[in-house]
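All chains are named by letter (A, B, ...) in the order of the sequence lines, taking the proteins before the strands, and each is independently numbered beginning at 1.
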Amino acid sequence: MADLESLGKYETAWCPGCGDFGILDAVRDALVKLDADMHKCVFVSGIGQAAKLPQYMNCNFFNGLHGRSLPVATGIKIANKELVVIVTSGDGDIYGEGGNHFMHAIRRNIDITVIVHNNQVYGLTKGQASPTSDLGFVTKVQTHGVISEPVHPLGLAVTLGAGFVARSFSGDKEHLSSMIQEGIKHKGFSLVDVLQPCVTFNKKNNFVWYKQRVYKLAADHDAHDKHKALEKALEWGDKIPTGVIYQDGRPTYEDACGLMKDKALIGQDVSSPSRIAPVLEEFL
Amino acid sequence: MADLESLGKYETAWCPGCGDFGILDAVRDALVKLDADMHKCVFVSGIGQAAKLPQYMNCNFFNGLHGRSLPVATGIKIANKELVVIVTSGDGDIYGEGGNHFMHAIRRNIDITVIVHNNQVYGLTKGQASPTSDLGFVTKVQTHGVISEPVHPLGLAVTLGAGFVARSFSGDKEHLSSMIQEGIKHKGFSLVDVLQPCVTFNKKNNFVWYKQRVYKLAADHDAHDKHKALEKALEWGDKIPTGVIYQDGRPTYEDACGLMKDKALIGQDVSSPSRIAPVLEEFL
Amino acid sequence: MPTGLKARSSSVKIDFTIKIGGEAGQGLATMGFLLSKAFARKGLNVFANQVIQSRIRGGHNWFQIRASDARVLAPSAATDILIALDRESSCHLKELKANSVVIFDSTVVKMESTLGCPLDIPLAKIASENGGNKIMSNIAAVACVLGLLEYDVNVLFELIRESFGDKDKAIGDVNIKVAQAGYDLVFKKVKCNKLPSLSALEGKRKMLVSGSEAVALGALAAGCQFISAYPMSPSTGIMTYLAAKEDDYHVVVEQSEDEIASINMALGASFAGARSMTASSGGGFALMVEGLSLAGMVETPIVIVVAQRPAPATGLPTRTAQEDLQFVIHAGHGEFPRMVLAPATIEEAFFATARAFNIADTYRVPVIILSDQFIADSYLTVDDIDLKEVKIERNILSDEELKKLKEYKSYQITKSGVSPRALPGNPYFFVTADSDEHDETGRITEDLDFMRPEMVKKRNRKNLGLLKEARPPIRYGPKDAEDCLIGWGSTYGALKEAVDLLNSESRKRHEKVALFHFSDVWPLNEKHFTFLKKLEFAAVVENNFTGQFARLIAETTGKVIKNRINKFNGLPFEAEEIAKAYRKFKKNG
Amino acid sequence: MPTGLKARSSSVKIDFTIKIGGEAGQGLATMGFLLSKAFARKGLNVFANQVIQSRIRGGHNWFQIRASDARVLAPSAATDILIALDRESSCHLKELKANSVVIFDSTVVKMESTLGCPLDIPLAKIASENGGNKIMSNIAAVACVLGLLEYDVNVLFELIRESFGDKDKAIGDVNIKVAQAGYDLVFKKVKCNKLPSLSALEGKRKMLVSGSEAVALGALAAGCQFISAYPMSPSTGIMTYLAAKEDDYHVVVEQSEDEIASINMALGASFAGARSMTASSGGGFALMVEGLSLAGMVETPIVIVVAQRPAPATGLPTRTAQEDLQFVIHAGHGEFPRMVLAPATIEEAFFATARAFNIADTYRVPVIILSDQFIADSYLTVDDIDLKEVKIERNILSDEELKKLKEYKSYQITKSGVSPRALPGNPYFFVTADSDEHDETGRITEDLDFMRPEMVKKRNRKNLGLLKEARPPIRYGPKDAEDCLIGWGSTYGALKEAVDLLNSESRKRHEKVALFHFSDVWPLNEKHFTFLKKLEFAAVVENNFTGQFARLIAETTGKVIKNRINKFNGLPFEAEEIAKAYRKFKKNG
Ligand SMILES: Cc1ncc(C[n+]2csc(CCOP(=O)(O)OP(=O)(O)O)c2C)c(N)n1
Ligand SMILES: Cc1ncc(C[n+]2csc(CCOP(=O)(O)OP(=O)(O)O)c2C)c(N)n1
Ligand code: SF4
Ligand code: SF4
Ligand SMILES: [Mg+2]
Ligand SMILES: [Mg+2]
């Protein structure tokens, strides 16, 4: 069972002051609070600063390709639904390179929890715009500032019917930890988009910028009302809502699929080639 | 200038009764009504039944890879903004294989018009589910019926900030033609999602099914109200709205980019290598 | 020499070809399948292939059935019975021989042939007069073929009954009635029929399996539990077949959003412990190339089927080719071992697939099954598949084994290069997969002095194991042959027949010829090419333009073979074509 | 023999190496760049390379500057001056020689060396005492180096002034003050300094260009107007450089959502008439493979830069390798011609890029510039780039020409295989591009008898033209050499130096050695390998494990070269390593 010590301490490759540390802390906190059986958890990530997170814990992990964490996580969960699958990804990783998988993983409602370190920039490759960069954000590549409308990840997720859509802030460990816990507890696809300052490459959306804008959703926010949720999901500017924006209870992929009702796929017996003898008959 | 005769008549590879014929007719009609200079139009498509459309007209075309029409169209428009760029695509092509480009082309608001032959099925590959297939739709691959939530293309487009979002029906040539005309006239990314019966592989969403459900948006529908638009965009079931669901006037890529204000990119003089002499100085 | 009902070599007594020509959507595949199955039911050897356009309706397609009392593995150039459902079928008239028969319905299509016997049969009328609809004229045509051959029509009735079942018995009965009428008409009335009778034929039922089915069956036998794939001709049949067996055989078929997702999902499922695969054609595989490199780095087993079709790009979606050999061998950035198996026959496709899973698991490498449209869409009779020949070798540490370990490292450096494999979820050790260069525990490393070079060597050391797995070529033909043809993959049937054909010819015309045929096409073991030293003449035969296998031979052995026989129009080889090309070499040489 | 300030061969009088070691984020690149530039300003030849980890802060990186009065193209194994900014820099102490100097600030980092002269300088104090902040201790260190060499410190002041400009003049002035203090301290006080003086040095300014910049400049010179790319080390520098020049040079830089979009956008832009390119590393290129095949089929010109890094998968993002040669040559389903240019030097990278656009346009094929991290991130002094050597050959039909035509067919079958190119938007004819197999007008075809084979032949015929474009290897070394080393791409500098080194050794020890170095690596012309016949001994030298170029030689010529010198730990070759490996062969051989 998870405790901070057994989760281990690793030297990281992050810059001092990076919001990623706050996310790592919150993830660890959430695992401890959930008393997670770490041997049943698998962390999946792509490539980017964010994606390095699993490297810094004692855990099972699959640190795959840039942008491709979601299909890997989907495959793992389908093969063994007993595993708790947690994805840690960056805004470039998941809304840029991996955008198509984001759309379709949500549609499947596979029961995984996705934590996006959204620093509105490409950190590891040294500061180009990401799909969530604000309009006008100037970089060495976007020398005239970003001209593409930023994606609204939460809006997209609600529109696509994600089961659990939340936002938090790396500077608020407690809130973030609770969002992650709720995400993991939710049965189905859970998105926790985390506002995360990149101290090195995003001088605009820095800690203070976020701090001044984030607010917690009112207690009476109805997370089950899709259209209300959409409104909140698209809110961005002087005020940025955090909390569970949308929640829905449609069946998960694992339940709907029907092939793993009683047992995880890998628990089912396929060890004898002769089991297919009846099929061969069909070809006679 | 376009007239039906000069657009030519080609033998098609479509099944008799296919909704694609209606779309081809409407496209031709729209071109004639707009009195389009066909030499300034380029049709771009991917692969699928839908994507064959440009093959059946006298026109410039780039019939590229499955799923990749949007980046090709984007490149063409950036290189020569004088061209009218029209994409014809299928639901699998653009929301499945090409889903990431759909997201990001909308964000760029590049001035192209995208006509999606949405038959809610993969036609050319013989009837698998597409991203828009209804829940429960049974195919030879989805033997238990579709379990993934269908994408709501119009909802997505509005959420992502597409400038012009419309729906029409291949069985209503006049309406469809007018949507296409408006889409082409709109400055910026225009989506015309066309409900199209596939007589061979989609026995559920057939002509009658669509015919009974489609209705035209009320004259007082405010296409400039994003939240109203989202509501309409997500409406699907016994009633399916058609018409211009959303329209917005944000700057196009070509305008925002600043590099082609006066002249198309290819019209700018880059013919002399010695023009870069001043740059070389910078390295001294 | 074209094939025919008369024996060609002493052992073959029956060898005839039926071709059904018509538009897409006219039901050619059903007709062809019924006929093939009817012949297989009485123990004939059948090889049937489909030549189709990339469209759902219209155009001109054909379905070609060759039946023989010996094993046949390739189409023949000659046609004994042609069913002409459309006007364009007249393009096949040139394939007819004196004794051939053309079946057509002149109310639907006109056919005038100088060769063979034209048989204008009122198929539509037969159907309607017997209570059937237009499409049932097809069944009448099928019955006519059986009639011409005096073949036991009850076999057809049986097949019809099985296909319609109890639920649609009434429709089945109408079909039978139509069939009976068609059969009687031809059986009794046709005079020009000089085709011999098969009435006495009795033999043990044979299985009739398509290439796609064979691969899917091989996967099922091997205990494959997950396929994620995106539809693409000519590979789609694999996922379609598996989808029908999901419930009974514990296999999940997930249609992915794109091919990138296909391979990454399959890798995820494999990492978690399910035998996993994906399938596509060259274009879809092109999108998996980064994922293939990932498989090489994380050392997660995966089986990838690449069913080739003519390219580049979209190319000819429903035709056949062998153009992706060097591509699949070198696909992926960086250097990592892989194995490529190119089944020579449909039967082999079954065993190769099962074997692929074992190799993937044993070496923790990607294994590619390189087939093509010709294999995928063809049907072959198979005598018997001995499931005992299929062994499942997972090479995953058991609970017992893990329990005993003091530590476990996902990328332990070993002599063989293979690190013992554990699954995540085990209660003892964490399991990792890392796409970065990593240390033995799977954590990112930048240690260039030791770890990086050791990991490179470890990964590539597995190639030595694969080289041992690689099987030598099949040798076919006389022991004392001076000349040889070299082939790989699906061209086997045509090559084998070409060799027979050539060796039946006068020794004055040319030397004796042997075939060396490779199914295991990567990695290539230099030792398997020693035969080249002993032979006078060698030509490499490939369904591509650039001679890719020939280049691989040069790369491996230093022997540059300039004689090439290449076909690249999208159609499979016929034996006679190869023989002709060989003879031409000898004349010039 | 390590390099040093003393001349090694008679022509070289100055040849020294400065290494700056420290963490990511400590400013190594700025320091290294300033020093390199300072040397280039007085006409020294500089080669500088960066060895970096994949992180933004921390770890251990180094920047290595070699300056010489002769042309140098590779790093040396020995270090003359080491600036140690972190503790880990102690790993470089073993590279020091007796006369070497280590600069460090013991208030920040401790350094104890048995070799060379340790120079504990209060860099931080110098900075703060002169009104500077912590990071300015870097400039003090840079000035110390110049002091040790008695180099004109005004060059540094000039560079500081240029860099801060009028806007930030005040900060610039502080920097200059700090620099002056550092310079003075070392210049006057250090006794152990046995480094010779460069005070008399006077020469013509040289350009200092990085590999990424050279490619970008080549593209600009060629009139490239569009690059769509997705950031990926070590290729990102190309788009970054071009982005800074967007306005002045009419080039649009579009950061795409993924690499699939990169190549497809570039093809779209090229189809419409803009010279277009994309750039990535092996992993990003892996995602472009389907698009590459598309380029082959639609015959739309494109230039693709693949800056290699160690793989598979994510591998070592900031290191160097030559592992993707066979991959890029065979990437893409189906068969179509392409050309692959692997620049041997940064200077060549400029010309090769410009040339690539001409080849792409002339033959309507994709051209790949195969570079690597070592080329991309290194800096080289370049004497002069003669822009007159760059010719722009578009081969697009002009309005005049089109006007005169009766008809225009996008895929006209010609003798060369190249179809004349028109742009869409012209008022005369429609222009088409089709990924399906097509007829001359670019419309989908299923004609297998004529059109398909003709189109295959037409496309592949262009390869004959490319074979003529392919340049022979550079030959370097004595005319009467009996032995040779064979290399390709970025290893040129180290190889050239290795050959010099070996030939300076006693003839008793081994034979004379020549270098045959290839920059045009695909297609390979057999004729360019005739040298192999005349030589006793050949070894192929590559920055990879499997010896890919050696395999290509075997494939092309039938000559299997078993002697291989491979390095695959992510670092570039040094001359001495190659020489050592060669000597070992000779001892064993
Ligand atoms: C196919 C591919 N393309 C590009 C890259 C280079 N790359 C690595 S991380 C990254 C972006 C990182 O941005 P993000 O996902 O936002 O993570 P961050 O570093 O900001 O946490 C890119 C472009 C890659 N590794 N693979
Ligand atoms: C990379 C790739 N994957 C798969 C295919 C096969 N393919 C061709 S069209 C198609 C789907 C067509 O569906 P849709 O886009 O909805 O068009 P429709 O035929 O229904 O009009 C597929 C999967 C392909 N050509 N390329
Ligand atoms: S670059 Fe930005 S995101 Fe990456 S570690 Fe540094 S601060 Fe964090
Ligand atoms: S398969 Fe469907 S979409 Fe395709 S042509 Fe036929 S009816 Fe139309
Ligand atoms: Mg980011
Ligand atoms: Mg469709």
NZ/NE/NH1/NH2 to OD/OE distance under 4.0 Å, B:R108 and D:E257: yes
Between D:D258, D:T300, D:V298, the one whose heavy-atom pairs under 4.5 Å with chain B are most numerous: D:D258
Chain B interface, residue from D:V209, D:V390, D:L294 that has the most non-hydrogen pairs under 4.5 Å: D:L294
Chain B contacts, top residue of D:A221, D:G442, D:A433 (heavy-atom pairs, under 4.5 Å): D:A433
Part of B:F43 lying under 4.5 Å from any heavy atom of chain D: neither
Chain B contact via D:Y241 - side chain, backbone, both or neither, heavy atoms under 4.5 Å: side chain
Largest heavy-atom contact set with chain B, pairs under 4.5 Å, which of D:L423, D:L267, D:I444, D:D248: D:I444
For B:C257 against D:V252, the heavy-atom pair lying closest together: SG-CG2, 4.4 Å
Intermediate values then yes/no, side chain to side chain contact (heavy atoms under 4.5 Å, CB included), B:Y253 and D:E254: CA-CA 11 Å; B:Y253 178 97; D:E254 180 58 22; 2.5 Å; yes
For chain D, the option from B:V44, B:N58, B:I47, B:N80 that forms the most heavy-atom pairs under 4.5 Å: B:N58
CD1 on B:I266 to CD1 on D:I396, rounded to 0.5 Å: 8.0 Å
D:F430 side chain near B:M38 side chain, heavy-atom distance below 4.5 Å: yes
Atom NZ of D:K42: over 12 foreign heavy atoms under 6.0 Å: yes
Residue pair D:Y249 / B:V279: nearest heavy atoms and the distance that separates them: OH-CG2, 3.1 Å
Member of B:V72, B:I76, B:T74, B:L70 meeting the side chain to side chain contact (heavy atoms under 4.5 Å, CB included) criterion with D:M265: B:T74
Residue among B:I78, B:L65, B:D269, B:L259 with most heavy-atom pairs under 4.5 Å to chain D: B:L65
Any donor-acceptor N/O pair, D:R41 side chain to B:L284 backbone, under 3.5 Å: yes
Close side-chain approach of D:Y428 and B:H39, heavy atoms under 4.5 Å: no
Atom group of D:A266 that falls short of 4.5 Å from chain B, counting heavy atoms: neither
Side chains of D:I260 and B:R68 in contact at under 4.5 Å (non-hydrogen atoms): yes
Closest-packed option against chain B by number of heavy-atom pairs under 4.5 Å, given D:K388, D:E162, D:E213: D:E213
Test item: D:T432 and B:N60 side chains (from C-beta on) under 4.5 Å apart, heavy atoms: no
Whether B:F62 and D:F271 hold their rings parallel, tilted or perpendicular, with breakpoints at 30° and 60°: perpendicular
Toward chain D: residues of residues 12-34 of chain B with heavy atoms under 4.5 Å: none
Closest approach of B:Q55 to D:D434 (non-hydrogen atoms, all atoms of both residues): NE2-OD2, 3.0 Å
Part of B:D37 within contact of chain D (heavy atom distance under 4.5 Å): neither
Least distance between heavy atoms, D:H250 atom then B:L265 atom: O-CD1, 3.8 Å
Exercise: identify the closest heavy-atom pair between D:K37 and B:E282: NZ-O, 3.7 Å
OG on B:S272 to CD1 on D:I392, rounded to 0.5 Å: 7.0 Å
Taking every non-hydrogen atom, the tightest pair across B:V42 and D:P424: CG2-CB, 4.0 Å
Residues of residues 97-105 of chain B within contact distance of chain D, non-hydrogen under 4.5 Å: B:N100, B:H101, B:H104
Greatest number of heavy atom pairs closer than 4.5 Å to chain B - which of D:T441, D:D436, D:V382: D:D436
